[in-house]
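Here is how names work: the chains are called A, B, and so on, in the same order as the sequence lines, proteins then strands, and each is numbered from 1. Note that this is a predicted model, so its numbers are computed, not measured. All heavy atoms count here, side chains included; hydrogens, waters and symmetry mates do not.
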Amino acid sequence: MNKDDHLFLIDGSGYIFRAYHALPPLTRKADGLPVGAVSGFCNMLWKLLSEARDTSVGVTPTHLAVIFDHSSKTFRNELYPEYKANRDAPPEDLIPQFGLIREATRAFNLPCIEMAGFEADDLIATYARLAEAAGAHTTIVSSDKDLMQLVTDRVTMYDTMKDRQIAAPDVVEKWGVPPDKMIDMQSLTGDSTDNIPGVPGIGPKTAAQLLEAYGDLDTLLERAGEIKQNKRRENLIEFADQARLSRELVTLKTDVPVADTPADFHLDAQDGPKLIAFLKAMGFNTLTRRVAEATETDAAEIEPAEVAVEWGADARGPDLDRGDGPDTKPASQEQKESGWTPGDLARARADAAANAKIDSAAYLCIRDSGALAQFIAAARETGVVAFDTETTSLDAMQAELVGFSLAYQPQDAVSNASGPVQACYVPLAHKSGQDDLLGGGLAEGQMPIDDALAQLKDLLEDPSILKIAQNLKYDWLVMSRYGIEVHGYDDTMLISYALDAGRGGQGMDALSDRWLGHKPIAYKEVAGSGKSAVTFDFVEIDRAVAYAAEDADITLRLWQVLKPRLAAEGLASVYERLERPMVPVLGRMERRGISVDRQILSRLSGDFAQGAAALEDEIYELAGEKFNIGSPKQLGEILFGKMGLPGGSKTKTGQWSTSAQVLEDLAAEGHDLPRRIVDWRQLTKLKSTYTDALPGFINPETARVHTSYALAATTTGRLSSSDPNLQNIPVRTAEGRKIRTAFVCEPGNKLVSADYSQIELRVLAHVADIDALKQAFADGMDIHAMTASEMFGVPVKDMPAEVRRRAKAINFGIIYGISAFGLANQLGIERSEAGEYIKTYFQRFPGIKDYMDSTKAFAREHGYVETIFGRRAHYPDITTSNPHMRAFNERAAINAPIQGSAADIIRRAMVRMDTALDEAGLAARMLLQVHDELIFEVPEDEVDRTIRVVTGIMENSAMPAVAMKVPLKVDARAADNWDEAH
DNA sequence: TAGAAAACGTA
DNA sequence: GTACGTTTTCTAG
C-alpha cells in the first residue's frame, strides 16, 4: 500500500445493530424472513462502492473489508468476567440477519473478516495501524465512540447513516477531548452498555474537564487528592484501580495476529450476476435494478441465489405483510399498473427514501407573486404538495404567520419517472435587524402577505389537491385564524401514529431519523435556545429557507414512505376514521376555548394561600424548626431523622418516600405532622397548578382558555391535553372541586357535560365476552356491587360500603392488568390476601383469565395488541428477559385494548358530533374532551334537545363498525359551571 | 439553564 | 396494577 491508497474498514457488527434499530422493519415477502438490517447494509455498501467507481467524489476506497465480531467471549472476559455481562440476547428477528449480512458481504465480493477471541474493534484497530504504517489513509465506517480513539490525521471515521465524517475536531466537539484522550475519557466515565465500571459520578463533561486540567489519566489519579469537590475526590481515589481496569478494557488491541494485511483487501470489480442473485433472493427489488443497470447485467436472466438461513430459536418477522384484513383497500391504479402489492410499494418507498439525498442547496426562496404562482402551478400538476407554516409561537392560538413552505415531487409525463423534490420557503413577515428602536421593520424582499394568502387559500381549500403536513392541527389552527380552512389533507404524524404507536415518537425529527436516516436542522440552530432564543420573524431569511423548506421536503418524503404502509398493514381505516377526521374537530374545539372566571380563581388562590400559611405555622411548630416543606428531602430528614418516625417505603434513589400514602399511614397512627403536610401539599398543589396558573392561559384576544390536544402522544389512542392540561382539573376533593366552578359559560348558555358510564368495564365485558358482566350491564345493575356479590356471596341489598369498595378496586385492577402486589397496595391488605381475591375473581369469571392470557400471548407473538376498531398499540419490549419490565409491558398490553377501545369510541362520537348538531339545527359547541366525557356550551333553550342528540351520538358511536355486546350508557347534565354540570 | 426525580392532579 | 402533564426541588453545569 502507499500514500494514495485508501482503506475502508466497515464495522459490520456495529452496523447490524444500528441498522436494526434505526431502519424500519422489513421482511422478505416470500416467507416473512426479517431483512431490514440486511437491506440497510446492502444499500450502504452499494452506495460506498458506487462512490468508489465515481472518482469525482472526494473520498474513495481502493481497499475495503468488512469486519465482524466472532463470538461474545474475548480476552476482555478473562480480564474482567463482567465485561458485557449485562447485554440482553439480540432480538429474535435480528438473529437470522447476522448470517445474511456475512452472505451479503461475500456476494459483494468483499473480504469478510472475523477472528475468535477478538472483537471487530480490535481487528479494525490492527488493520488501521498497519495501513497507517504503510502511509495509507483509513476510513472506519462506524460511529461507535469506542473506535474514536483510533482517529488520527490519517484515520477518520464515517457515519453512513448521517453521512458525516468524524475527524479529530469532531471528536473534540462531541466528547470534549481529542481522540488520543478518548481511552482516558472512557476509563473515567465507564460504559453501562458494555458494563465497564469507570469512576462513579463522573460523566463525559466532568471527565473532559479533569483531563483538560491534569493532562492524562495517570496524572489525574496520582494527583486526585488536589481535587476540591469532596465526592469527586473520594471517588477518584477509591476507584482508581477500577479506572485502570477500565482503561485496559477500552483500549483496543492494535497487534492482533491477523492473517491478512490491508493490501489483501484490494477492491476488485463487482461480480454483477453473483450480487444480483443474492439481492433477488432477499427480494430487494430497487437495489437489484440499480445493480443491474450499473453492472450492465440483465437481472431477469439471473436466478435468485440459494441462501441458507439460520432462523434462531423462534425467529419471526414483523408484520409488514399482514395486508389481508378487512381494512385493506383495493390496490390503487399505481399498484395495479406495476403489478405491485401495497407491501411491495411500501418496501420500495422505504428503500428509496432511506437512500435519497436531501439537497438543501436546491431550496428556493420565493419573494414575489409570480414565482409563487409558478411554484404552486407546478405543484398542482402533481396533485400532492407538502405544506408547513413558520410562526412566532408554539401556541397556535397566538401564533402569527411569518412564512410558509411547500414541496412537491415532479413526475415526468412521458417516462413517469420522479424528479428531485422541489421545495421552497415563502418569507412573509421577517423583521429586519434586531428588535431595535424602530421595532424591527419588515425585511426586504418579501411578497405582500395578502397576495400570498390569497394564493395559499386557493391551494389549501382545494380538496382535489392533497396537502401533506406534519402535525396539521397546528397549521390548520393558524391558517383558520387567517380565514383559510384546509381541505384535502394527510398528516404524516397521524399516519405514523396509526402505524407505529408505541414504537417511538411521531415527531418529525424522530420520523426523519427513522425513515430517511437524516437529521433535519434543529429549530434552536436557527432561532437559538434559552435566553438567546428569538421568534422566527427575527431569523434571517436565508437561514429560514434552509430550515423551513427542509421541513416541507422531509414531510413529503415521509408521506411517500408511510402512506403506502397504511394499506399494506391494514390500518387505512384506523387512520381515515379515527385519526385524520379528528384534525378539524379538535381544531375547532381548541379555537373555541372555554371561559374561565378570573375572579373565582383569584379568590380561591387567596383562600388556599391562607390555609397553607396557617398549616405552615403549625408544621414548623410541630417540627420544632423552619424548613422547606416542599422539599421531600428536607421533609424526610425531619420526619424520619429528627423525629424518628418509622419510614415506610424508599424511592428508587434510596430516599425515604414522603408520598401521600406514607404520610396517611403515619397520620393514621396518630402523628399530627404528616396529616398537616398532606393538607399543605393539597392546598399548594391546587394553588400553583390551577388557581395561579390558569389565569395566565386566558388568551388576551378571546378572553378564553384554549388547551392544546395531542393526537399522537399516547400508546393507547387516548388524547392528551396541555398548555394548560384541562384533563386533570380536580374533582375528587371538595376543595379541588371548587376550581371547577371557575369554568363557566357565556350568559344565556349552559355548560353540558356528557360522560360515558363505566365505559372501560363495558368494553371489557364486550371483548372478554363475560356473560355475567354483559347481563349486569344489560339490566342496568350496579356493576361493582354485582361483582362483590358474586365474589363474596354478599347480597347486593344493604351491602357494606367496604365490600363494594374492594370489588370496585378489583374491577379497576382487572382493567389495569392486575397483580397481587398492586391490588394489595391499593386496598392496604396483605399480598397473599389480594392474591386470594384475584383467584376468586378468576374462578367466578373464568373468561377474564382467558382474555388476559390470550391478550398477552397475542402481544408476545405480534409485538402489538389491537382495539375493537383495529387500532394497534405496540409493545416491542414485551419479550424482554427482564422480568420486571416484561410484567409491566404485559399489564400495559392487557390494558391497551380496553383503554384504547374506549378512546376509539369517544373519538368516533367526536367525529360525528359537529355534523349531528348542525343537522339538528343546534348551536351547541363541543369545547372539551376528558377521556370519557365531552363538555359543550349550549344555548339555554336548546339544552334538552342537545342532550338528546349528544347522548344519542355517544351511545351509538361504536356502530356500525362494531355491534357492542353491552349497551353504552351516557349521563349528561347542564349547569352554569363545570362543577355542577359534572 | 436544563434535566431528573418526586409528588400529585385526572380518567 | 393502566394512561397522561405540571409543578417544585435538586443537581450539575
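Residue contacts shown for A:Ala533 are absent, as no nucleic acid heavy atom lies under 4.0 Å away. Counting non-hydrogen atoms under 4.0 angstrom, A:Ala887 reaches nothing in the nucleic acid. Across all strands shown, A:Thr715 has heavy atoms under 4.0 Å from sugar-phosphate atoms exclusively, and none from any base.
Using cut-offs of 30° and 60° on the angle between ring planes, the pair A:Phe792 and A:Tyr837 is perpendicular.
Annotation: of the two residues near DNA chain C, A:Thr716 and A:Asp723, the 5′-most nearest-nucleotide partner is A:Thr716.
The side chain to side chain contact (heavy atoms under 4.5 Å, CB included) search around A:Ala809 returns A:Leu823, A:Gln826, A:Leu827, not counting sequence neighbours. Remark: A:Asp755 engages no residue in a salt bridge (charged side-chain N to carboxylate O under 4.0 Å, His left out) (not counting sequence neighbours). Under the rule for a salt bridge (charged side-chain N to carboxylate O under 4.0 Å, His left out), the partners of A:Glu760 that lie at least two apart in sequence or sit in another chain are A:Arg718. For A:Asp971, the salt bridge (charged side-chain N to carboxylate O under 4.0 Å, His left out) partners two or more places apart in sequence, or in a different chain, are A:Lys969. For A:Arg233, there are no salt bridge (charged side-chain N to carboxylate O under 4.0 Å, His left out) partners, not counting sequence neighbours. Here A:Arg740 pairs with nothing under the side-chain hydrogen bond (donor to acceptor under 3.5 Å, both in side chains) rule; sequence neighbours left out.
Side-chain N or O atoms of A:His766 include none that pairs as donor or acceptor with a backbone N or O of A:Arg762 at under 3.5 Å.
In summary, A:Arg973 and A:Glu980 do not engage in a salt bridge, as defined by a charged side-chain N under 4.0 Å from a carboxylate O.
The nucleotide range of DNA chain C contacted by chain A, defined by atoms under 4.0 angstrom from heavy atoms of the protein and reported 5' to 3', is C:dG1 to C:dG13.
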Base contacts versus sugar-phosphate-only contacts with protein, heavy atoms under 4.0 Å: please encode nucleotides 5-11 of chain B as B, S and - from 5' to 3'.
SSSBBBB

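Remark: nothing in residues 817-831 of chain A comes within less than 4.0 Å of DNA chain B through any heavy atom. Listed by residue number, A:Ala713, A:Thr714 are the residues of residues 704-714 of chain A with a heavy-atom contact under 4.0 Å to DNA chain C.
Here salt bridge (Lys or Arg N to Asp or Glu O under 4.0 Å) pairs that include residues 719-734 of chain A, with residues two or more places apart or in two chains, number zero. Every pair passing salt bridge (Lys or Arg N to Asp or Glu O under 4.0 Å) that includes a residue from residues 833-849 of chain A is listed here, sequence neighbours excluded: A:Glu790-A:Arg844, A:Arg806-A:Glu833, A:Lys849-A:Asp853.
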